[in-house]
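Since the structure comes first, as structure tokens, the remarks are kept for the end.
As a basis for the values below, the full set of heavy atoms in this structure was taken, side chains included, without hydrogen atoms, waters or symmetry mates. Here is how names work: the chains are called A, B, and so on, in the same order as the sequence lines, proteins then strands, and each is numbered from 1.
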Protein chains: 2
Amino acid sequence: MPSVTRKSSSSRQARREAIVKQMLGVVEELLSEGESFTELSVERLIGSAGISRSTFYVYFEDKGTLLLALAEDVVQQLVGSAQAWWELPPTATKADVEAALRGTADVFREHAAIWSSLVDASSYDQKVRASFRAVVDNAAAGLAKHIKDGQKSGSVVAGLDPKRTAEWLTWMTERGLYQLLAEATDAETTKSVRAQADIVWNTLYAGAPSRAAAA
Amino acid sequence: MPSVTRKSSSSRQARREAIVKQMLGVVEELLSEGESFTELSVERLIGSAGISRSTFYVYFEDKGTLLLALAEDVVQQLVGSAQAWWELPPTATKADVEAALRGTADVFREHAAIWSSLVDASSYDQKVRASFRAVVDNAAAGLAKHIKDGQKSGSVVAGLDPKRTAEWLTWMTERGLYQLLAEATDAETTKSVRAQADIVWNTLYAGAPSRAAAA
DNA sequence: GGGATGCTTGGACAACATGTACGATCGGCG
DNA sequence: CGCCGATCGTACATGTTGTCCAAGCATCCC
């Protein structure tokens, strides 16, 4: 009876999405009260969401699975915003770099709670850790490519090790967003992002062949 | 009866140190088997250490307190090694910077397990988080001072925001050590530290007034 | 309307971890 | 020998996790 199966699964799917959406609100709410994701028990979550323990475990293997579902969207947005940086053309100015980084910072600040939760849970949940690493590794790879391409076109300093430079800068960004911008005001964000842009600019672009004259 | 009190407390102190030392071995041992500090239960710890549950709680409030005791030494060493960087003279070369960073990396690699545990526990233990932040903030302050002084003497690029640039670079270092060097080989460490040195060099020193000629 | 199907639910459960309490025991020291 | 501090085993109250099951409920089809 395929129709039954189809219906069932599509309903499950829809219901799951609804629950994920609801849980997103609940989790962000609870996190905004100052607790960390680690400290949130399934008990509390279902209590606030108004669903039963049993139902929770129908849709999520555990807290980690829930978090990954919640984070999907956020991660997509962050990765997307990060591309704005490493897809900058060779002629980009420092202001362009800063604007791109600002974009990522703004996306991050909107969803800082969820990202922080990913970081939290990475320390004890295998699945989350793997997923988190994959995201960052992917970002680093994108940046590494940007560096390599830039070196070819002369817009990036020669001699830098693309992969490893990208790794450091990527982790700097990850950690900086988390630690420096999660609770920053707009004004503070502006200053902080400017500093980040200075680092990136000086590291990658300032001494590049195609810019040798301007200093 | 002051003598009694004195004796008791000094004995407690000595015994505590012995236990801390023993626990350090146990924790590093268990962590080297691939588990995270978060996953280590007090149960396991006392089991491997051969002391009783009761005794454990005589000396440590909880797992977090234990960790802070274990980390004291490591943190001191790391902070000390970091000073080698920001106490570099204005005439330092890129090789000097790389050597200083290498020093920190080596210290870190020796005690990666404990540092990782601090990061882990920071996500759910208030005391650990506070202590951890204090260490990093302190490091950032030291680096900020180095930048400010360097700007005065002309050995560091003008126009950088000392505080915020230091924050980004400090978190970059923290996260990079943790993520890139914790399990790296010697060869990989060399390459990675070189990339880190390039970033630091280009950011802070390459375009500095006192170096304007050399490029 | 009647009945099958699948989803949600509450509650019970085993397993395990935490931090506390207490009485028994061991060992050194006067 | 006897005191005293430290350790120990054990028990306990509490809280969390993930599983399981039987009962209730809504929906859709016949």
Send over the distance from [X] [atom1] to [N] [atom2], rounded to a whole Å.
X: B:Asp62; N: C:dA17; atom1: CG; atom2: P; answer: 17 Å
X: A:Glu61; N: D:dT17; atom1: CD; atom2: C1'; answer: 14 Å
X: A:Arg16; N: C:dG6; atom1: CZ; atom2: C1'; answer: 18 Å
X: B:Lys63; N: C:dT18; atom1: NZ; atom2: P; answer: 6 Å

Heavy-atom side-chain proximity of [X] to [Y] below 4.5 angstrom:
X: A:Lys21; Y: A:Leu24; answer: no
X: A:Val157; Y: A:Tyr205; answer: no
X: A:Asp198; Y: B:Thr165; answer: no
X: B:Phe60; Y: B:Val20; answer: yes

Indicate whether OP1 or OP2 belonging to [N] is found under 4.0 Å from a side-chain N or O atom of [X].
X: A:Ser52; N: C:dT9; value: yes
X: A:Thr55; N: C:dT9; value: yes
X: A:Tyr59; N: C:dC7; value: no
X: A:Tyr57; N: C:dT8; value: no

Extract all donor-acceptor atom pairs below 3.5 Å that involve side chains of residues 104-115 of chain B and protein atoms in other chains or at least two apart in sequence.
from     : atom 1 : to       : atom 2 : distance (Å)
B:Thr104 : OG1    : B:Ser81  : O      : 3.4
B:Thr104 : OG1    : B:Ser81  : OG     : 3.1
B:Asp106 : OD1    : B:Arg102 : NE     : 3.1
B:Asp106 : OD2    : B:Arg102 : NE     : 3.3
B:Arg109 : NE     : B:Thr189 : OG1    : 3.4
B:Arg109 : NH1    : B:Ala184 : O      : 2.8
B:Arg109 : NH1    : B:Thr189 : OG1    : 3.1
B:Arg109 : NH2    : B:Asp186 : OD1    : 2.5
B:Trp115 : NE1    : B:Glu174 : OE2    : 3.4

Within 6.0 Å of CD in B:Glu188, more than 12 heavy atoms from elsewhere: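 Buried by this count: over 12 neighbours within 6.0 Å.
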Enclosure of B:Gln22 CD (heavy-atom neighbours >12, cutoff 6.0 Å):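 Count over threshold, so yes.
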Per B:Ser54 side chain, nearest of listed nucleotides D:dC8, D:dC20, C:dG19: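 Per side-chain heavy atoms of B:Ser54, the pick is D:dC8.
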Atom pairs under 3.5 Å: protein N/O with N/O of nucleotides 23-26 of chain C:
none

Distance under 6.0 Å and angle within 45° of ring axis: B:Lys63 vs B:Phe37: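 Checked: cation-pi criterion met.
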Donor on one side chain, acceptor on other, A:Thr65 and A:Asp62, under 3.5 Å: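 Result is yes, a qualifying pair exists.
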Base C:dG11 to side chain A:Arg53, donor-acceptor N/O within 3.5 Å cut-off: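 Donor-acceptor pair under 3.5 Å: no.
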Residues touching DNA chain D, which here means a heavy atom under 4.0 Å, drawn from residues 20-51 of chain B: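 Only B:Gly50, B:Ile51 qualify.
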